[in-house]
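Right, one structure below, let's go through it.
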Amino acid sequence: MSHKLQVGEMKTEYLTDKEIWSHFNFIFSSKSKNSTTYKFVLIKSILENLYNVNEKLELSYSTIFSSFAKIYWNLVIHHNLNQINVKGRMAEVQTILHDIQCKYHIPKSLVFDKLSSELQVEIIHKVTKKCKINVMGAIYGDTSCTIYDFDNRKEQLRINPAYYSFMQRFQRVLNYLTNYHLALFLEKFNENGDTTNLLLKVENVSKRSSLDQFYQVLSSFYSGKCFYCGKTIKKDKVHVDHFIPWSFVQADQLWNLVISCSTCNLSKSDKLADKYFLETVIERNKTFISVPELRKREDMKVYTSKKLIDLYHYSVENGFTDYWRPKGIVL
């Protein structure tokens, strides 16, 4: 009955990679009781927020369930996918989201980040309040009480350092595994859709439809020039680019975003920029931190240059070894 626990403490902080793999393999196996998609979505939410932890490896529920609610809104409302293994019934999170959709007459075409900020807060609050009761203890139990400490009253978890290092080193594989098993579950309990089609939806369920809100901040620091090639950009050719590719970080943080021309952005695509640019981003972020308004942002509160360096390093470890630099530019 670990899923009913309201507080959990790690039984040990030291585990080998082999032991951690065995725990994840159990979660993904038929031995784990997966009557809903909660476990898969929680793992996705933790992976999305690996670099939003503080120095103690703590994450607030507001951070975790922001991702959790966003993923579920896009799966349940936007894609109309059932999340429970019983036909004719809905998981609690589905009921919450459908009630909100009906209450405000929201068309299913609207993805989560297109909703008003007030409505997003309401959804996150209701999903957190209801889902934390069964969600947090479930994975805690499946990993023999080792993956994290959690407290549903304080609404906070602390990731086991051994798991944190493991998830950094195997982030890409864990994302693939989580997405694949989530898609398999959805295929089994939804009449329409095959694994390939569902996997595509799952892989992109967290992606923002627009980065305009970040452009407003970033544009004031670039004087109309591309971060990579330095050329002046026409307004209609401006792109906001994830310095470390989105396909790896699966998140949008100001400290990992730059202004790019369309040529550089399309050429760079899913590649990792040359290490020369890493130092430039670090220096740019020092400027951000010096601005009081930016320093108060949630994504900047937990930022350190070490975190960005680690992210760059682990992206290489996860297979992003196709380095990119603008054509004709000598660094």
Side-chain angles (χ1 to χ4, degrees), residues 1-11 23-24 26-50 52-54 56-77 81-103 112 115 119-160 163 167 178 181-182 185-186 189 205-206:
M1 294 294 289
S2 60
H3 67 283
K4 292 295 184 182
L5 288 174
Q6 298 307 297
V7 178
E9 294 185 0
M10 294 176 218
K11 287 190 174 179
H23 288 310
F24 275 110
F26 178 82
I27 292 170
F28 296 133
S29 75
S30 58
K31 296 177 183 178
S32 175
K33 186 180 178 182
N34 292 318
S35 57
T36 71
T37 54
Y38 286 161
K39 291 179 185 177
F40 305 129
V41 175
L42 180 58
I43 293 173
K44 279 180 68 65
S45 300
I46 292 173
L47 290 171
E48 277 189 18
N49 289 287
L50 278 185
N52 283 329
V53 298
N54 63 19
K56 295 179 182 178
L57 303 186
E58 294 171 336
L59 280 171
S60 68
Y61 280 17
S62 62
T63 299
I64 285 287
F65 281 95
S66 289
S67 295
F68 194 86
K70 171 188 62 180
I71 292 168
Y72 268 121
W73 177 272
N74 292 340
L75 287 175
V76 172
I77 304 301
L81 292 168
N82 181 41
Q83 305 295 316
I84 195 169
N85 64 354
V86 180
K87 290 186 177 180
R89 288 185 57 194
M90 292 193 293
E92 287 182 328
V93 69
Q94 288 178 261
T95 302
I96 293 167
L97 298 178
H98 278 297
D99 286 349
I100 291 173
Q101 182 194 20
C102 292
K103 178 182 177 181
F112 188 78
L115 304 176
L119 188 51
Q120 288 184 21
V121 169
E122 180 181 344
I123 292 170
I124 293 166
H125 173 72
K126 289 185 176 179
V127 168
T128 304
K129 184 178 180 180
K130 194 71 177 178
C131 295
K132 69 180 181 182
I133 298 170
N134 294 318
V135 171
M136 303 311 298
I139 287 182
Y140 173 79
D142 275 2
T143 61
S144 301
C145 314
T146 60
I147 190 169
Y148 48 56
D149 290 329
F150 73 97
D151 190 324
N152 281 349
R153 288 184 290 273
K154 294 181 180 178
E155 298 198 335
Q156 183 173 276
L157 67 79
R158 179 175 68 92
I159 303 174
N160 186 323
Y163 276 87
M167 287 188 282
T178 307
H181 285 281
L182 175 53
F185 184 100
L186 294 173
F189 300 107
V205 76
S206 296

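Keep in mind the model is a prediction, meaning the values are calculated, not measured.
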**Item:** Side chain proximity check, V127 to L97, heavy atoms < 4.5 angstrom
**Value:** yes
**Request:** Classify the ring geometry between Y140 and F150 as parallel (under 30°), tilted (30 to 60°) or perpendicular (over 60°).
**Result:** perpendicular
**Request:** Could you pull out the closest heavy-atom pair between A91 and Y38, with the gap in Å?
**Result:** CB-OH, 4.0 Å
**Asked** Are L57 and Y163 close enough that some pair of their side-chain heavy atoms sits under 4.5 Å apart?
**Response** no
**Prompt:** Quick one: does M136's side chain get under 4.5 Å of L157's, heavy atoms only?
**Reply:** yes
**Message:** If you define the side chain from C-beta out and look only at heavy atoms, does anything of I64 sit under 4.5 Å from L42?
**Reply:** yes
**Asked** Do T37 and Y72 pass the side chain to side chain donor-acceptor pair (under 3.5 Å) test, and can you show the C-alpha distance, the side-chain angles, and the key distance before you say yes or no?
**Response** CA-CA 9 Å; T37 54; Y72 268 121; 2.6 Å; yes
**Message:** Can a side-chain donor-acceptor contact be found between S144 and T146 if the only test is distance below 3.5 angstrom?
**Reply:** no
**Complete:** Residues passing the ring-ring contact (aromatic ring centres under 6.0 Å, His included) test with F28, sequence neighbours excluded, are H181
**Request:** Report yes or no: does D151 contribute a side-chain atom to a donor-acceptor pair with the main-chain N or O of V7 at less than 3.5 Å?
**Result:** no
**Request:** Apply side chain to side chain donor-acceptor pair (under 3.5 Å) to S206 and list each qualifying residue two or more places apart in sequence or on a separate chain.
**Result:** E48
**Request:** List in chain and number order the residues that pass side-chain contact (heavy atoms from CB on, under 4.5 Å) with T95, two or more places apart in sequence or in another chain; answer none if no residue qualifies.
**Result:** M90, D99
**Asked** Closest approach of W73 and F112, non-hydrogen atoms and distance?
**Response** CD1-N, 3.5 Å
